[in-house]
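Every number for a ligand or one of its atoms is a count from 1 in the order of the listing. Keep in mind that what you see is a predicted model, and the values were worked out from it rather than measured.
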Amino acid sequence: MLDLTGAALSPETWPFGLEWLPEDTCLVGGAVRDGLLKRQRDYLDLDFVLPEKAVETARQIARFYQAGFVVLDAGRQIARVVFEKATADFAQQEGETLHIDLKRRDFTINAIAYNPFTRRLIDPLDGCQDLQRQLIRMVSAENLADDPLRLLRAYRQASQLGFTLDRETQETLIALAPKLRQVAAERVRMELGYLLNLRSGSEALERAWKDGVLTGWFPHTCVERVKRVHQVDEMVQEFGDRWPQLWEHFNRPILASQPTNGISLAKLILFIAPEIEKAEAELKALKLSRAEIRAAIAVLQRLPDILHPEQMSLRDQYFFFHAIRPIFPTLMLLARVKGVALEAIAPLCDRYLNPHDPVVYPQPLLTGNTLIEALNLPKGKLIGTLLTEIQIAQIEGKVTTEAEAIAFAQRWLKPTKP
Ligand SMILES: Nc1ccn([C@@H]2O[C@H](COP(=O)(O)OP(=O)(O)OP(=O)(O)O)[C@@H](O)[C@H]2O)c(=O)n1
């Protein structure tokens with residue numbers, strides 16, 4: 001049974017006092033939905049609808065509580081107040097009444113309002129019933145067509161909440177599918193990012209692709225590749241069971257400040273074209289950061305190397321790790337998805353996880369300057385080549401001290417001397 005005891009529905013948990021809100025202000029959207037479902041969220045995300053003075057109210061609250069303040073949309077009168085542990089958006093009601101506002105939203109479960117003064121729900125679209133039935137039901141086909149990002153939101157919220165798509169809604173999603181291509185790339189990328197990062201998101205991604213919602217953005221993948229997305233999760237589990245330290249590596253962002261991690265990158269690769277040029281164009285169209293595109297392309301380029309790990313010499317492994325260390329977890333996952341045996345990859349994983357492994361984390365025996373001085377060499381590219389050759393000799397156990405390294409360099413240079 002639904003009740004009003006969820007955290008977001010208790011004004012006592014809000015970061016400001018109720019007296020700041022004009023009467024008739026209502027909480028709406030995800031906070032009401034999650035409050036009714038008693039979903040715990042680390043960060044409170046509150047959306048309020050006000051009949052008037054939305055921006056003014058937000059400004060006053062921000063000033064009093066010394067919180068961050070930004071006008072998100074001056075025309076539609078929407079402002080945001082950012083507290084330490086919560087964000088509150090204040091929006092002018094769309095249309096003459098709250099009912100009209102609610103009827104312009106995406107899904108019935110997101111179209112429930114809560115009046116904190118009367119402590120009552122306003123639910124003209126029977127969202128509570130759908131919450132109980134665990135159904136994602138559209139408010140109307142027109143609303144989905146008005147903002148086609150909602151198509152992708154349907155799959156994401158179904159996956160996040162463990163809900164089912166209502167049949168008529170799914171038919172509408174299929175009918176409107178091509179419209180997702182018209183949505184701004186930044187919005188699609190953000191929503192797609194949620195799905196790629198969600199543990200339960202693989203099934204929804206597969207469903208969305210089969211329903212045609214993602215085909216506009218990823219026209220070159222195929223059903224066989226998309227079907228493998230959920231295998232990535234299985235492989236994460238398999239690797240994690242054997243090497244518990246790998247969990248952290250899989251979940252670590254590929255680049256600081258970017259949400260893409262080893263797992264979501266592996267899933268993304270299964271959606272983009274296998275050909276480098278086409279893949280790059282797709283990722284650019286989605287406006288991924290340059291660093292993310294570089295990482296994805298490096299995975300595509302290096303994947304063939306890892307398909308026969310038993311054929312990699314120490315020298316190959318050195319160059320391999322040198323080039324791909326940050327994307328190694330993704331390559332491992334995709335190698336397994338492509339059928340490479342776990343035992344064949346195991347030696348590479350052991351190396352990767354050993355911080356003292358000389359192949360993955362080489363510790364040079366000497367610097368370029370030492371080499372220049374000892375052998376009286378000119379600065380230039382040759383020094384880099386020599387350092388690499390010394391490094392490989394060290395990995396192969398041929399040199400273990402600085403003196404041996406210098407002697408090795410001397411021998412290496414000899415055949416090239418007249
Ligand atoms: N494209 C969108 C985005 C949002 N909304 C409405 O605005 C509310 C708040 O949006 P947002 O905070 O983006 O999403 P939530 O539903 O709150 O949930 P989540 O944080 O999981 O995205 C939604 O519940 C929904 O009523 C909508 O109708 N169409």
| request: May I have the step-by-step check of side-chain hydrogen bond (donor to acceptor under 3.5 Å, both in side chains) for Asn354 and Tyr361, ending in yes or no? | output: CA-CA 9 Å; Asn354 174 5; Tyr361 309 99; over 6 Å; no

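Residues of the protein with a heavy atom under 4.0 Å from ligand 1 are Gly29, Gly30, Arg33, Arg41, Asp47, Arg105, Asp106, Asn110, Asp147, Arg150, Arg153, Arg156, Gln157, Gln160, Arg187, listed by chain and number.
Under the 4.0 Å criterion applied to side-chain N and carboxylate O atoms, Arg290 and Glu280 are not assigned as salt-bridge partners. In summary, Arg252 and Glu248 engage in a salt bridge, as defined by a charged side-chain N under 4.0 Å from a carboxylate O.
Among pairs with a residue in residues 95-127, none fulfils ring-ring contact (aromatic ring centres under 6.0 Å, His included), at least two apart in sequence or across chains.
Side-chain contact between Arg153 and Asn110 is present, with at least one heavy-atom pair separated by less than 4.5 Å.
Under the salt bridge (charged side-chain N to carboxylate O under 4.0 Å, His left out) rule, Asp101 has a single partner from Lys103, Arg105, Arg104, which is Arg105.
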